[in-house]
Structures are given as C-alpha cells and as structure tokens.
Chemist: 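My questions will all concern the structure given below.
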Amino acid sequence: MFTKIVVLIMSLVITFTTTFGLNFVAPAEDAEEIKNVVILIGDGMGFNHLYSTEKVHGVELDILNRMEYYGEQKTRSASSLVTDSAAGGTALATGHRTMNGYVGVYPTDPLAVFAVPASITDVAMKYGKSTGIVTSDSIMGATPASFSAHVRDRDLDKDIFAQQAVSEIDLIWGAYSSVVTEEEVNANDKVYVNTLSEVKALEEGEKSIGQFDGDTLWRGKDNGDQPTLSELAAEAIDILSKDEDGFFMMLEGAHIDKRSHDKDGEGAMIAALEFDRAVSAVLDFAEKDGNTLVIITADHETGSVTLQKDGTYKWTSGSHSGVNVPCFVYGCDSFIEDGEVIDNIDIPTMAVAYMTNNEQYFPCPLSYLNEE
C-alpha cells in the first residue's frame, strides 16, 4: 500500500512539472456510451498537409469532411518546444510529457528506474478490451513503440520488440524489419503473419505480429497479397470488434513525416491519401457501430508546409516544427469543441475517461494499474 501511494505521488509530481499544471477530466455525460476507442496518428501531419493534398489531387479527404468536431492540438515535449515522435507518441499514449528520444517512460532518471507510466493500451487491456497497433512504419518505430513499450531510447529496437513479443496486445502490424523474427513471435504464442491472406486466416482469439511490404503500406497501391495500410485498418477493426467488451486501436500513417523530412511534398501527399483511406475504413465502422470514439491527430508537424502567395504549398523545412496540429473527433460531442485548442497530453487522458466511464485514474504508473 505504501509503495502504491508513493508511485501515485510521483506520478502527480511529474504531471505537474512536465505540463506546467495539473489537468483534470470532468465526468462525461455520454462516457458510458463509448465502448471502443480508435486513435489515428498522421505522423508529421499538419493542417497544410491536408489542404495541399485536397488541392493538388482534387479530392475531398474524409479527415476534413466526415469528422464531427475540428480542433487543434498543442505539441511539445518535456525537453523542447519542438517534440520528436518518441516524446510526441508518449504524450499521446500515456498522458505524460517526456524527453525527446524517450519512449513510454518518465523524463527523469529516478522514475525511469522505479516506475513507468501506463499507456492507454495498458488501460484497455486492464478492462478486458481487445487491443491493436497498426502502422506503416516498423512496429518498433517511435509512435507504435510508445503505445506498446517502455524504453529510455527510441533506437533500442531489440528491447522494444522483446516487450511487444511478450505483451498481451492482440495484434501489432507494421512494415518489415529484420529485428522481428517469426521464431521469436511463435515462441511467445503469437502467430506471425506477412500476407493479407494470412491476416484474413487468423482465427478468433489468436494474437498476431505482422510484417508487410513497407512501400505498399504507405503508397496504397495494389501489390498482390501485400496489404495497404487501409486494408490492414479494415482487417484490424474486423478482428478487434468481435470482442464484446470493446477494443482500443492506434493506427499510424508514418510516411507523411518520412516524406516531409525529404521535402518530398508529392510523397507526403500520397501518404496522406492512403492514411485518409484508413480513416475511411475506421469511420465506416464507427458510423454503423454507434459506440466508437475516433480521434485523428498528429504527434507533430514536419516540413513547415506553407501556403505561398501564388496559392501553392511549399515544404520549407526538412525538420519538425512546433505549430499546432489537427485534433479531429467523431463519436463524442463533449471531447472537443470546434476550434478548441487542447494539449497533446489531454487526448489520452480524456479518451481513457470515456473508455472506462471515469472508473480509472489516469495518467498513472503502470504498477498502480497492475495493482488495481
């Protein structure tokens, strides 16, 4: 009991020191109506990535036309006004800010030793919900790692995979990496999948780790039995939604960021188009289900994409920026108001409040969650 009190106090102290204030979530009237939560993260995705994609490709993105509420999110880490994907992902997963480069851990050395923060994925599993992580990056990438691991360095791929391999997460799917082996996946009672046919053949209750052709994932072009990100989104929803207790899923479109680092505007827009198709698959389910909270946001903006005087959009930088990013919501009329600006750490805090009907204290240390 004493240990539990200590870690709770430490968590509160960290929340204050890393966010410049304590955030409290008021009970939500419609919280009991939300059974499922899906967070879709366009890595590096700013507003102008979306506006430029619509203009250049002559499309209407579902991201901008089917969501119910349109707000903004303030990004930063505990160490910088400009966050990286590790700290940005950690804020969105745990409700805590941390240092750039840290994944799912507190920003101070003593607490990285004695405790790690619980993620929204951990809370969902605690409540008996199915969980899934889908990305066009490798599964050890900073964003998926933030929702599935706790390490002091985002480059510790082997340590991240070791934690994912033994986790109780139902599905973790992403792009191919030599770090992930079929042998280790199978040794931990999970099914290794690397084609769309194998995904479709998964039996109910089987946990899986999947690796697929990365180029096909983000470009969204047909490649035989290799899936696109949007196809994986649909398959993951189909699997996870069979759980009567509900589910949590995080899906990342990683290449909006990756292409923007190269100032490859066309590549970033292609990645945005496929991410939007994944959004469409999720919204199609949510509209029919009626009990699903969908959140679309980003960990940060990449490229400092700017509208020029001639009406074109230009990628003016190959780095991250500190500008606000989208925070769009479907399925809940009290999560955010149109035009409202919220902090990155507010997103998982509020999502957990809805997902658990305010039964679960969050943010919290993982040890506290395990003792509940």
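Everything quoted here is computed from the prediction, not taken from an experiment.
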Chemist: Taking C-beta and beyond as the side chain, do Phe328 and Ile63 meet within less than 4.5 Å on heavy atoms?
Modeler: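 The answer is yes; the side chains approach within 4.5 Å.
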
Chemist: If we only count heavy atoms from C-beta on, is the Ser321 to Val82 side-chain gap below 4.5 Å?
Modeler: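 With C-beta onward as the side chain, the pair stays apart.
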
Chemist: Would you confirm whether Glu184, through its side chain, and Thr181, through its main-chain N or O, come within 3.5 Å as a donor-acceptor pair?
Modeler: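 No; judged by distance alone, with no hydrogens or angles, the pair does not exist.
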
Chemist: I'd like to know if the side chain of His261 reaches the main chain of Gly318, judged simply by a donor and an acceptor atom lying under 3.5 Å from each other, with no hydrogens or angles considered.
Modeler: yes

Chemist: Are Asp213 and Gln226 linked by a side-chain donor-acceptor pair shorter than 3.5 Å?
Modeler: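 Asp213 vs Gln226: no donor-acceptor pair found between side chains.
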
Chemist: Is there a path from Leu202 to Phe247 through hydrophobic residues (I, L, V, M, F, W, Y) whose side chains come within less than 4.5 Å of each other?
Modeler: yes

Chemist: Between Asp157 and Ser177, do the side chains contain an N or O donor and an N or O acceptor separated by less than 3.5 Å?
Modeler: no

Chemist: Quick one: do the Thr302 and His300 side chains pair a donor with an acceptor below 3.5 Å?
Modeler: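 Result is yes, a qualifying pair exists.
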
Chemist: Do Asp245 and Lys129 meet the salt-bridge criterion of a basic N to acidic O distance under 4.0 Å?
Modeler: no

Chemist: What I want to find out is whether Lys35 reaches Asp289 closely enough, with some N-O distance under 4.0 Å, to be called a salt bridge.
Modeler: no

Chemist: Just checking Glu337: does its CD atom have more than 12 heavy atoms from other residues, nucleotides or ligands closer to it than 6.0 angstrom?
Modeler: no

Chemist: Look at Asp343 together with Arg76 and state whether they make a salt bridge at an N to O cut-off of under 4.0 Å.
Modeler: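 No, this pair does not count.
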
Chemist: For Leu240 and Ser130, work out which heavy atoms get closest and say how close.
Modeler: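 Reported closest heavy-atom pair: CD2-CB, 3.7 Å.
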
Chemist: Decide yes or no for Val134 and Pro144: does some side-chain heavy atom of the first lie under 4.5 Å from some side-chain heavy atom of the second?
Modeler: no

Chemist: With heavy-atom distances below 4.5 Å as the criterion, would you say the side chains of Ile295 and Val38 are in contact?
Modeler: no

Chemist: Checking Asp225 side chain against Ser197 main chain: does a donor-acceptor pair fall under 3.5 Å?
Modeler: yes

Chemist: Any donor and acceptor pair, going by atom type alone, linking the side chain of Thr216 with main-chain N or O of Phe212 inside 3.5 Å?
Modeler: no

Chemist: Can you name the one residue among Glu274, Glu235, Arg277 that meets side chain to side chain donor-acceptor pair (under 3.5 Å) with Ser230?
Modeler: Glu274

Chemist: With rounding to the nearest 0.5 Å, note down the distance linking OG in Ser208 to CD1 in Ile239.
Modeler: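 Taking OG in Ser208 and CD1 in Ile239, the distance rounds to 6.0 Å.
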
Chemist: What about Phe335 and Tyr69, are their ring centers closer than 6.0 Å?
Modeler: no

Chemist: Taking the six-membered ring for Trp, are Trp315 and His49 closer than 6.0 Å centroid to centroid?
Modeler: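 Distance test on ring centres: under 6.0 Å, yes.
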
Chemist: What about Phe362 and Tyr354, are their ring centers closer than 6.0 Å?
Modeler: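 No - the distance between ring centres of Phe362 and Tyr354 does not fall below the 6.0 Å cut-off.
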
Chemist: Tell me, do Arg154 and Leu156 make a side-chain contact under 4.5 Å, heavy atoms counted?
Modeler: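 Contact flag for Arg154/Leu156 side chains = no.
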
Chemist: According to a hydrophobic-cluster definition based on side-chain heavy atoms being under 4.5 Å apart (Ile, Leu, Val, Met, Phe, Trp, Tyr only), do Val185 and Leu232 belong together?
Modeler: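 Hydrophobic grouping puts Val185 apart from Leu232.
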
Chemist: Quick check: does any side chain N or O of Ser80 sit under 3.5 Å from a backbone N or O of Thr83, one acting as donor and the other as acceptor?
Modeler: no

Chemist: Quick check for you: to the nearest 0.5 Å, what is the distance between Tyr176 atom OH and Leu217 atom CG?
Modeler: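 CG of Leu217 is found 14.5 Å from OH of Tyr176.
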
Chemist: Measure from the side-chain N and O atoms of Asn48 to the backbone N and O of Tyr51, and report whether any donor-acceptor pair falls under 3.5 Å.
Modeler: no

Chemist: Could you go through Lys221 and Asp215, starting from their C-alpha distance and side-chain angles, then the distance that decides it, and tell me whether this counts as salt bridge (charged side-chain N to carboxylate O under 4.0 Å, His left out)?
Modeler: CA-CA 9 Å; Lys221 291 184 178 180; Asp215 201 50; over 6 Å; no

Chemist: Between atom CG of Asp346 and atom NZ of Lys74, what is the distance when rounded to the nearest 0.5 Å?
Modeler: 8.5 Å

Chemist: On a heavy-atom basis, which atom in Cys327 and which in Ile347 lie closest, and how many Å separate them?
Modeler: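 Looking at all heavy atoms of both residues, the closest pair is SG-CD1, 3.8 Å.
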
Chemist: Do Glu168 and Thr131 have side-chain heavy atoms sitting under 4.5 Å apart?
Modeler: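 A side-chain contact under 4.5 Å is absent here.
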
Chemist: Are the side chains of Ile133 and Met249 in contact, using a 4.5 Å heavy-atom criterion?
Modeler: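 Result no, sub-4.5 Å side-chain heavy-atom pair not found.
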
Chemist: Under 3.5 Å, is there a donor-acceptor pair between the Asn344 and Thr75 side chains?
Modeler: no

Chemist: Give a yes or no on whether a salt bridge exists between Arg66 and Asp284, defined as a side-chain N under 4.0 angstrom from a carboxylate O.
Modeler: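 Yes, Arg66 and Asp284 are salt-bridged.
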
Chemist: Under the 3.5 angstrom rule, does the side chain of Asp170 hit a backbone N or O of Gly132 as a donor-acceptor pair?
Modeler: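 Looks like no, no N/O pair under 3.5 Å.
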
Chemist: Any chance you could measure Leu229, atom CG, to Trp218, atom CH2, to the nearest 0.5 Å?
Modeler: 12.0 Å

Chemist: Strictly distance-based, threshold 3.5 Å: is any side-chain N or O of Thr306 a donor or acceptor partner for the main-chain N or O of Ser304?
Modeler: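 Side chain of Thr306 to backbone of Ser304, a donor-acceptor pair under 3.5 Å: yes, one is there.
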
Chemist: How long is the gap from CD1 on Ile139 to CZ on Phe147, to the nearest 0.5 Å?
Modeler: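 The CZ atom of Phe147 is 15.0 Å from CD1 of Ile139, to the nearest 0.5 Å.
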
Chemist: Within the supplied structure, the quantity of interest is the number of heavy atoms (other residues, nucleotides, ligands) at a distance under 6.0 Å from Lys207 NZ; does it exceed 12?
Modeler: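 Yes, enclosed.
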
Chemist: Can you give me the closest heavy-atom contact between Ala78 and Met99, atom names plus distance?
Modeler: CB-N, 4.2 Å

Chemist: Mind checking the OG1-CG spacing from Thr94 to Leu92? Nearest 0.5 Å is all I need.
Modeler: 9.0 Å

Chemist: Hey, does Tyr192 have a side-chain heavy atom less than 4.5 Å from the side chain of Val180?
Modeler: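 With C-beta onward as the side chain, the pair touches.
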
Chemist: Please name the pair of heavy atoms, one in Pro326 and one in Leu50, separated by the smallest distance, quoted to 0.1 Å.
Modeler: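 Closest approach of Pro326 to Leu50, heavy atoms only: CG-CD1, 4.2 Å.
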
Chemist: Regarding Thr135 and Glu252, do their side chains bring together a donor and an acceptor under 3.5 Å, going by distance alone?
Modeler: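 Yes, a side-chain donor-acceptor pair sits under 3.5 Å.
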
Chemist: Tell me the closest heavy-atom pair linking Met45 and Ala298, and the distance in Å.
Modeler: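 Reported closest heavy-atom pair: O-CB, 3.2 Å.
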
Chemist: Hey, are Asn188 and Gln164 close enough side-chain-wise for a donor-acceptor pair under 3.5 Å?
Modeler: no

Chemist: Shortest non-hydrogen contact from Thr98 to Val105?
Modeler: OG1-O, 2.8 Å

Chemist: Is there a donor-acceptor pair under 3.5 Å between the side chain of Ser138 and the backbone N or O of Ala175?
Modeler: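 Judged by distance alone, no pair lies under 3.5 Å.
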
Chemist: Would the number of heavy atoms belonging to other residues, nucleotides or ligands and lying under 6.0 Å from CD of Glu244 be above 12?
Modeler: no

Chemist: Taking the side chain from His320 and the backbone from Glu301, do they hold a donor-acceptor pair closer than 3.5 Å?
Modeler: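 Answer holds: no.
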
Chemist: Do Val279 and Trp173 sit in one hydrophobic cluster, given that two such residues count as connected whenever their side-chain heavy atoms are within less than 4.5 Å of each other, even indirectly?
Modeler: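 Yes; Trp173 is reachable from Val279 via cluster members.
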
Chemist: Any side-chain donor-acceptor pair under 3.5 Å between Ser119 and Asp122?
Modeler: yes

